[in-house]
Amino acid sequence: MHAVVVSSLISDFENARKSLHEQVMPRVKQTPGFVSGCWLAPEEGKGMSIIIFENEDAAKAMASQMQPGAKLNEFVTIESVNVREVAGHA
């Protein structure tokens, strides 16, 4: 398994959370190879997500859709995107 680890800047957490639940999570769940995802609440305006995929190719395909500096919406801007091998998953 591989994970896409995303750091983001969040300007309005309540609106970002609403968009996450209504738009982002349903779309990500439909992505081929999706296993699970965890979106963490921001600290000092910085959010983080870890989205796990069955294999490296699926993770890289997702990561390629998110570029640093890109705005996901008016509340969330991508800061960094990394693909990492999952060393353990429970």
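For this chain, numbers begin at 1 and follow the sequence in order. These figures come from a predicted structure and were not determined experimentally.
- Residues satisfying the salt bridge (Lys or Arg N to Asp or Glu O under 4.0 Å) test with K60, not counting sequence neighbours, are E56.
- Across S80 and N82, no two heavy atoms sit closer than the pair OG-ND2, 4.2 Å.
- The side-chain contact (heavy atoms from CB on, under 4.5 Å) test with H2 is passed by exactly one of I52, D57, V83: V83.
- Judged as a side-chain contact (heavy atoms from CB on, under 4.5 Å), and not counting sequence neighbours, the contacts of E14 are D12, R17.
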For residues 68-79, which side-chain donor-acceptor pairs fall under 3.5 Å, sequence neighbours excluded?
from : atom 1 : to  : atom 2 : distance (Å)
K71  : NZ     : T77 : OG1    : 3.2
N73  : OD1    : F75 : N      : 2.7
N73  : OD1    : V76 : N      : 3.0
N73  : ND2    : S19 : OG     : 3.1

Exercise answer: donor-acceptor pairs, residues 26-49 side-chain atoms, under 3.5 Å, sequence neighbours excluded:
from : atom 1 : to  : atom 2 : distance (Å)
T31  : OG1    : V28 : O      : 3.0
S36  : OG     : H89 : NE2    : 3.4

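- Using a 4.5 Å heavy-atom cutoff, the side chains of V81 and V5 are not in contact.
- L9 and M66 fall into different hydrophobic clusters, where Ile, Leu, Val, Met, Phe, Trp and Tyr side chains are chained together by heavy-atom contacts under 4.5 Å.
- Put simply, the side chain of M62 reaches to within 4.5 Å of the side chain of F53, judged on heavy atoms.
- Nearest heavy atoms, V4 versus A59: CG2-O, 3.2 Å.
- Note on I51: it clusters hydrophobically with L20, by side-chain heavy-atom contacts below 4.5 Å among ILVMFWY residues.
- Expressed to the nearest 0.5 Å, how far NE2 of H21 lies from CD of Q23 amounts to 12.0 Å.
- Transitive grouping of hydrophobic side chains (ILVMFWY, heavy atoms separated by less than 4.5 Å) brings M25 and V6 into a common cluster.
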